[in-house]
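What follows is a single structure, written as structure tokens, with notes after it.
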Amino acid sequence: MMLLSGVLRLGLIVYGEWQDAHMEVRYTDVDYVVFSDAAALVAMKESPFGRSTYRYSPILAYLLVPNSVVHPSWGKLIFSAADLLVGVFVNSILKLRGVPEHLRIFSVASWLFNPFTFTIGTRGNCEPIVCAVVLWIIICLMKGKILQAAFWYGFVVHFRIYPIIYSLPILLVLSADNIQPDRKPVLMSWVQKQQKSSRSSSKRTIKISVSVVLNFATRQRILFAFFSGAIFFLWTGLFFYLYGWEFLNEALLYHLTRTDPRHNFSIYFYYVYLHHELGFSVLEKLVSFLPQLVVQLVLVFRFAEDLPFCLFLQTVAFVAFNKVITAQYFVWFFCLLPIILPWSNMKLRWEGLISLLLWMGAQIHWLMWGYLLEFKGLNVFIPLWFASIFFLFSNTWVLIKVIRYHRFSPVFQKLSESNYIKSRKIK
């Protein structure tokens with residue numbers, strides 16, 4: 001399966017070169033051109049931010065320097081390799097959790113042969129790197145390797161700021177009940193979870209919020225927070241030293257204050273388009289941010305112990321309620337979908353198919369109006385805005401369905417519970 005998916009991606013990279021040379025519509029993502037130009041500047045010992053619209057960590061530009069020396073498709077090979085690595089990590093996570101082989105194969109295939117995901121890397125989008133690192137962090141946490149998880153978490157937040165939303169659920173699962181310095185964490189088996197009731201899982205979730213109030217500052221949490229923060233500021237400080245405020249404004253601050261006046265999937269796009277030149281008050285920014293914050297907190301405190309599921313819900317909600325939404329953002333939660341599929345009771349024939357068709361239909365509907373605006377120059381801002389509202393509705397509806405049909409499955413078994421089980425076995 002891995003070999004076939006690798007050949008598929010290599011073939012698409014070769015095809016992309018042909019399409020770019022012979023057809024009006026290019027296969028290569030426009031962002032890849034930006035990455036390549038920034039890498040060329042780095043190769044000449046100049047700032048990557050000399051390339052306008054380059055708003056990423058300089059690490060990405062350094063990584064793509066061989067684009068100018070070896071071959072222009074070097075970056076696509078790197079991104080596609082990270083894409084394949086995601087499949088490897090999905091299998092590792094599910095294997096650690098005791099998922100049967102046939103379900104693991106299906107879950108890995110849902111990533112490797114998803115048309116949306118295998119075109120992302122081959123078109124030159126860097127998101128597969130972020131996806132691979134996020135999954136590796138989950139693996140490190142499951143194995144109790146806190147420092148290693150913290151190192152990669154600090155790196156990935158510097159590289160792509162959005163994983164900062166995962167900090168709270170990660171800290172929540174790093175409780176003394178789950179992970180202790182001198183003991184290997186005990187993972188909840190997939191088979192064991194089949195026998196648990198939904199009532200017991202809801203009680204387990206309520207205990208999370210109580211433990212946060214009573215005993216939050218544990219050794220593991222402090223260690224993770226301090227070390228990941230140190231890694232983040234180390235990378236940020238290094239590039240601030242090299243490139244100054246230009247780096248800070250373009251690579252970090254821009255993403256925190258970004259308001260895109262061009263049409264995008266967000267319901268806020270039309271309001272931003274109408275008022276972009278006038279600027280936005282603090283109240284306006286708060287109104288757009290508050291729903292996102294409330295949804296994130298509700299999801300975290302309800303599902304944090306089922307960490308992969310919590311991260312998936314967070315990411316879908318974060319994208320759906322964001323002020324700017326582009327198609328590449330969808331891969332952020334697509335990489336987390338395979339690691340929650342074995343715990344879903346949703347059948348593809350009805351609920352799953354309806355959810356899939358609704359989400360895809362809402363996206364195609366939006367793209368139709370976007371095409372009429374972008375390529376035909378028609379004044380369809382109002383229908384496009386209604387299409388954005390419908391897209392938000394479809395995301396929310398699918399999210400509710402996913403939650404409803406999911407079997408809550410904490411990643412870690414409480415260490416006190418594991419001691420009790422062992423003592424029962426000895427007797």
Side-chain angles (χ1 to χ4, degrees), residues 1-2 4-5 83-114 116-118 131-132 134-143 166 169-170 173 178 185-202 204-205 299 302-317 330-356 359 398-414 417-418:
M1 184 167 60
M2 291 298 296
L4 179 60
S5 58
D83 188 0
L84 295 174
L85 198 58
V86 169
V88 174
F89 289 162
V90 167
N91 184 68
S92 298
I93 290 171
L94 296 182
K95 194 171 183 179
L96 283 171
R97 300 193 71 184
V99 175
E101 185 178 7
H102 70 282
L103 286 178
R104 294 205 312 269
I105 293 174
F106 174 78
S107 299
V108 172
S110 70
W111 167 264
L112 293 178
F113 298 104
N114 182 336
F116 185 87
T117 57
F118 65 62
C131 294
V134 168
L135 293 183
W136 179 246
I137 291 168
I138 295 174
I139 292 174
C140 291
L141 291 171
M142 291 172 67
K143 293 182 176 181
Y166 303 150
I170 289 176
V173 298
N178 294 333
V186 180
L187 300 179
M188 186 70 77
S189 168
W190 183 83
V191 176
Q192 287 178 327
K193 193 56 212 167
Q194 304 301 93
Q195 302 168 354
K196 299 289 182 179
S197 68
S198 59
R199 181 177 298 178
S200 65
S201 68
S202 63
R204 184 88 171 260
T205 310
L299 293 175
R302 176 62 180 87
F303 298 107
E305 290 236 319
D306 190 347
L307 186 62
F309 186 61
C310 182
L311 300 188
F312 173 80
L313 297 180
Q314 276 189 278
T315 312
V316 174
F330 303 151
V331 77
W332 296 351
F333 54 80
F334 275 148
C335 72
L336 296 165
L337 179 61
I339 61 176
I340 69 168
L341 283 179
W343 287 269
S344 178
N345 288 322
M346 186 182 294
K347 303 299 182 182
L348 183 61
R349 184 174 180 180
W350 296 117
E351 292 89 354
L353 185 60
I354 291 172
S355 299
L356 182 63
W359 188 80
V398 170
L399 199 64
I400 292 171
K401 284 292 183 180
V402 169
I403 293 173
R404 180 181 177 185
Y405 287 96
H406 179 76
R407 296 190 301 272
F408 184 85
S409 177
V411 174
F412 298 105
Q413 185 173 312
K414 299 295 184 184
E417 293 178 6
S418 65

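All residue numbers refer to positions in the sequence shown, counting from 1. Side chains are part of it too, since the values below use all heavy atoms of this structure and drop only hydrogens, waters and symmetry mates. None of the values given here were measured: they were computed from a predicted structure.
- L135 has its side chain within reach of V90: a pair of non-hydrogen atoms, C-beta onward, lies under 4.5 Å apart.
- Qualifying side-chain contact (heavy atoms from CB on, under 4.5 Å) partners for C310, counting only residues two or more places apart in sequence or in other chains: P169, V300, F303, Q314.
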TODO: Run the numbers on L299 and I403 for side chain to side chain contact (heavy atoms under 4.5 Å, CB included), then give the verdict.
DONE: CA-CA 10 Å; L299 293 175; I403 293 173; 4.3 Å; yes
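- Applying the ring-ring contact (aromatic ring centres under 6.0 Å, His included) definition to pairs two or more places apart or across chains, none involves residues 90-112.
- In this structure, F113 and S5 have side chains that are in contact, with non-hydrogen atoms separated by less than 4.5 Å.
- Considering only residues two or more places apart in sequence or on other chains, V173 meets the side-chain contact (heavy atoms from CB on, under 4.5 Å) condition with N178, L307, F412.
- With ring centers used as reference points, F116 lies under 6.0 Å from F334.
- Between A132 and V86, the closest heavy-atom pair is N-CG2, 3.6 Å.
- Residue L341 comes nearest to S110 through the heavy atom pair CD1-OG, 3.6 Å, listed as atom of the first residue, atom of the second, then distance.
- Atom CD1 of I138 is separated from atom CG of L311 by 5.0 Å, given to the nearest 0.5 angstrom.
- Under the side chain to side chain contact (heavy atoms under 4.5 Å, CB included) rule, L94 has a single partner from P100, S107, P308, which is S107.
- Nearest heavy atoms, M346 versus E351: CG-CB, 3.7 Å.
- Side-chain contact between L336 and F309 is absent, with no heavy-atom pair separated by less than 4.5 Å.
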- [ ] Please report the C-alpha distance between M2 and L112 in whole Å, then the side-chain angles of each, then the deciding distance to 0.1 Å, and finally whether the side chain to side chain contact (heavy atoms under 4.5 Å, CB included) criterion is met.
- [x] CA-CA 8 Å; M2 291 298 296; L112 293 178; 3.5 Å; yes
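- Screening residues 83-93 for salt bridge (Lys or Arg N to Asp or Glu O under 4.0 Å), with sequence neighbours left out, gives R9-D83.
- Under the rule for a side-chain contact (heavy atoms from CB on, under 4.5 Å), the partners of L96 that lie at least two apart in sequence or sit in another chain are I139, M142, K143, L187.
- Between the CD1 atom in I354 and the CG atom in L356 there is a gap of 11.0 Å [rounded to 0.5 Å].
- For D306, the side chain to side chain donor-acceptor pair (under 3.5 Å) partners at least two apart in sequence or on another chain are H406.
- Side-chain N or O atoms of T117 include one that pairs as donor or acceptor with a backbone N or O of N114 at under 3.5 Å.
- Between V99 and W343, the closest side-chain pair of non-hydrogen atoms falls below 4.5 Å.
- Between S92 atom OG and I339 atom CD1 the span is 11.5 Å, to the nearest 0.5 Å.
- Judged as a side-chain contact (heavy atoms from CB on, under 4.5 Å), and not counting sequence neighbours, the contacts of I105 are M1, E101.
- Partners of Y166 by ring pair (Phe, Tyr, Trp, His ring centres under 6.0 Å), not counting sequence neighbours: none found.
- With no hydrogens or angles considered, no side-chain donor-acceptor pair links T315 and W332 at under 3.5 Å.
- Distance check, rounded to the nearest 0.5 Å: CZ of R97 to CE of M188 gives 9.0 Å.
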